[in-house]
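Working notes, structure below.
Naming: A, B, ... by sequence-line order, numbering from 1 per chain. These numbers were taken from a predicted model, which means no experiment stands behind them.
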There are 2 protein chains.
Amino acid sequence: MNLSKTSKYAFRILGHMAKDEHALYSAQQLHKDIYVPERYLRRLLTDLSKHGFIKSIQGRHGGFTFACDTSTITLLQIVEAIDGQGSINECILGYDICVFNHSCPMHDVWEETKLKIIETLSKTSLKDIHYKILEDL
Amino acid sequence: MNLSKTSKYAFRILGHMAKDEHALYSAQQLHKDIYVPERYLRRLLTDLSKHGFIKSIQGRHGGFTFACDTSTITLLQIVEAIDGQGSINECILGYDICVFNHSCPMHDVWEETKLKIIETLSKTSLKDIHYKILEDL
DNA sequence: ATTAAATACTACCTTGTTGTAGTATTTTAC
DNA sequence: GTAAAATACTACAACAAGGTAGTATTTAAT
């Protein structure tokens with residue numbers, strides 16, 4: 001159960017871009033829209049394109065656009081790309097080895113909630129966020 | 001949604017002490033039992049006693065013991081004491097102001113899960129963990 | 001070709017968290 | 001009273017995450 005600030009930034013970026021799935025977004029414009037530090041945002045955009053969520057187009061009228069359909073990108077995929085695989089699934093007591101047959105004292109207490117978190121993150125795609133935004137209008 | 005390593009250490013300490021609620025635990029023994037760095041553990045014990053969860057007894061045969069009934073200490077209280085009030089309730093996109101009438105795009109998607117997390121942490125007391133441990137035997 | 005506007009790469013600075021060290025203080029067995 | 005065994009206090013070291021800077025590269029309008 002941990003979500004780095006950088007993962008939250010990634011949510012902001014991709015969630016915002018999902019508003020118009022096929023548009024081209026420049027780093028400069030994104031910076032103004034979602035309040036992520038500009039240089040850090042640029043680095044993160046490069047990172048996200050390396051992970052295959054978006055693709056970058058260089059040159060005078062370049063920018064970033066989705067590399068695949070937004071319905072195929074889940075929040076869990078984004079977190080795992082940024083924070084590392086299994087980052088959400090970590091033991092709540094911080095023990096390295098905590099599996100069902102050698103579990104920590106709080107394992108069962110936490111298990112159900114952890115599954116709920118993972119379920120939400122893995123079942124919510126960027127397209128779902130997109131719809132949500134439209135509803136908000 | 002954030003749980004610092006220090007909070008996890010606090011869970012380990014208090015969860016372990018809850019096994020025998022009225023016993024006196026020395027820092028040295030706790031260190032051996034729960035693998036928290038000894039000096040850091042001592043500092044954290046002082047901190048936890050200042051927060052009123054436990055009380056310290058100085059002197060030759062001193063140590064730490066609970067300052068109140070373990071059934072009155074919830075996991076949420078522990079997290080909020082260590083990581084700060086509202087640390088769990090933070091916006092998933094990292095925005096400072098994100099309330100129901102000015103919510104972020106992901107607010108509704110995340111709300112239910114967040115409530116589940118808070119409910120679990122606030123309904124689980126150290127005594128519950130204690131019982132869990134007994135069942136494990 | 002030149003230039004403007006974008007991304008890419010690498011290195012470094014800053015900040016917060018985690019962990020360590022040294023020393024002081026308290027208490028009790030002897 | 002003295003020493004042992006515990007906690008308390010303060011400062012700092014180490015590390016990781018977040019953020020910045022400078023420069024290089026790519027592309028297309030002109």
Side-chain angles (χ1 to χ4, degrees), chain A residues 1-13 17 23-67 79 81-84 87 90 93-96, chain B residues 1-13 17 23-67 79 81-84 87 90 93-96:
Chain A
M1 174 182 175
N2 233 22
L3 210 61
S4 71
K5 200 168 184 178
T6 305
S7 279
K8 292 177 180 177
Y9 285 166
F11 283 166
R12 288 198 207 178
I13 295 168
M17 289 177 66
L24 191 66
Y25 297 87
S26 73
Q28 197 174 12
Q29 190 56 47
L30 282 172
H31 164 62
K32 286 174 185 160
D33 291 336
I34 60 175
Y35 311 104
V36 176
E38 188 165 349
R39 299 305 292 267
Y40 199 61
L41 169 68
R42 289 176 185 278
R43 234 177 55 177
L44 189 47
L45 283 167
T46 302
D47 213 38
L48 290 172
S49 63
K50 281 185 180 163
H51 276 102
F53 299 124
I54 54 181
K55 58 189 173 193
S56 69
I57 294 163
Q58 289 195 23
R60 186 159 186 167
H61 293 121
F64 294 90
T65 189
F66 280 105
V79 180
I82 303 296
D83 291 343
S87 63
E90 280 170 358
L93 292 190
Y95 287 117
D96 287 338
Chain B
M1 173 181 174
N2 234 23
L3 209 63
S4 70
K5 199 168 183 178
T6 307
S7 278
K8 292 177 180 178
Y9 284 166
F11 282 166
R12 288 197 208 178
I13 294 168
M17 288 177 66
L24 191 66
Y25 296 87
S26 74
Q28 196 174 15
Q29 189 57 46
L30 283 172
H31 164 64
K32 286 175 187 161
D33 290 337
I34 60 174
Y35 310 105
V36 175
E38 188 165 349
R39 299 303 293 266
Y40 199 61
L41 168 68
R42 288 176 186 278
R43 234 178 52 176
L44 189 47
L45 283 167
T46 301
D47 213 38
L48 289 172
S49 63
K50 281 184 179 163
H51 275 103
F53 299 124
I54 54 180
K55 58 188 172 192
S56 69
I57 295 162
Q58 290 193 25
R60 184 159 189 168
H61 292 122
F64 295 89
T65 188
F66 280 103
V79 179
I82 303 295
D83 291 343
S87 62
E90 280 170 358
L93 292 190
Y95 287 116
D96 287 339

### Query
Does a distance-only test, which skips hydrogens and angles, find a donor-acceptor pair under 3.5 Å between the side chain of A:Arg39 and the base of D:dG22?
yes
### Summary
Quick note, B:Gln58 side chain, CB onward, closest among C:dA6, D:dG18, D:dA8 is D:dA8
### Task
Using a cut-off of strictly less than 4.0 Å, decide whether B:Lys5 has a side-chain nitrogen or oxygen near OP1 or OP2 of C:dG19.
yes
### Query
If each of A:Arg43 and A:Gly63 is mapped to the nucleotide of DNA chain C with the nearest heavy atom, which maps nearer the 5' terminus, i.e. the 5' end?
A:Gly63
## Note on the structure
Rounded to whole Å, CD of B:Gln29 lies from P of D:dA5 at a distance of 15 Å
### Task
Name the closest nucleotide to the A:Pro37 side chain, picking from D:dG19, C:dG19, C:dA4.
D:dG19
### Message
On a heavy-atom basis, which atom in A:Thr65 and which in A:Ala23 lie closest, and how many Å separate them?
### Response
OG1-O, 2.9 Å
### Message
C:dT7, OP1 or OP2 - any side-chain N/O from A:Thr46 closer than 4.0 Å?
### Response
no
### Message
Is there a side-chain contact between B:Asn2 and B:Asp83 in this structure, where contact means two heavy atoms from C-beta onward sitting under 4.5 Å apart?
### Response
no
### Query
In terms of the nearest nucleotide of DNA chain D, which residue is placed more toward the 5' end: A:Glu38 or B:Phe64?
B:Phe64
### Rounded distance (Å) that lies between atom P of C:dT7 and atom NZ of A:Lys55
15 Å
### Message
By nearest heavy atom, map B:Gly59 and A:Leu45 onto DNA chain C; which one lands nearer the 5' end?
### Response
A:Leu45
### Query
In terms of side-chain heavy atoms of B:Tyr40, which of D:dT27, C:dT18, D:dA29 is nearest?
C:dT18
### D:dT7 OP1/OP2 closer than 4.0 Å to side-chain N/O of B:Ser56
no
### Message
With a cut-off of less than 4.0 Å, is there a side-chain N or O of B:Ser4 near OP1 or OP2 of C:dT17?
### Response
no
### Query
Under 4.0 Å: is that the gap between some side-chain N or O of B:Lys50 and OP1 or OP2 of D:dC9?
yes
### Task
Report yes if a side-chain nitrogen or oxygen of B:Tyr9 is closer than 4.0 Å to either non-bridging phosphate oxygen (OP1 or OP2) of C:dG19; otherwise report no.
yes
## Note on the structure
Between CG of B:Asp47 and P of D:dA8 the distance, given in whole Å, is 11 Å
#### Entry: No-hydrogen, no-angle side-chain donor-acceptor test under 3.5 Å, B:Tyr9 and B:Ser4
no
### Query
Checking all strands, does A:Ser49 fall into the base, sugar-phosphate, or nothing category for heavy-atom contacts under 4.0 angstrom?
nothing
### Task
Determine: side-chain N/O of B:Gln28 to OP1/OP2 of D:dA6, distance under 4.0 Å, yes or no.
yes
#### Entry: Candidate list B:Met17, B:Arg12, B:Glu38, test side chain to side chain contact (heavy atoms under 4.5 Å, CB included), partner B:Leu30, passing option
B:Met17
### Task
Mind checking the CG-CD1 spacing from A:Leu93 to B:Ile34? Nearest 0.5 Å is all I need.
9.5 Å
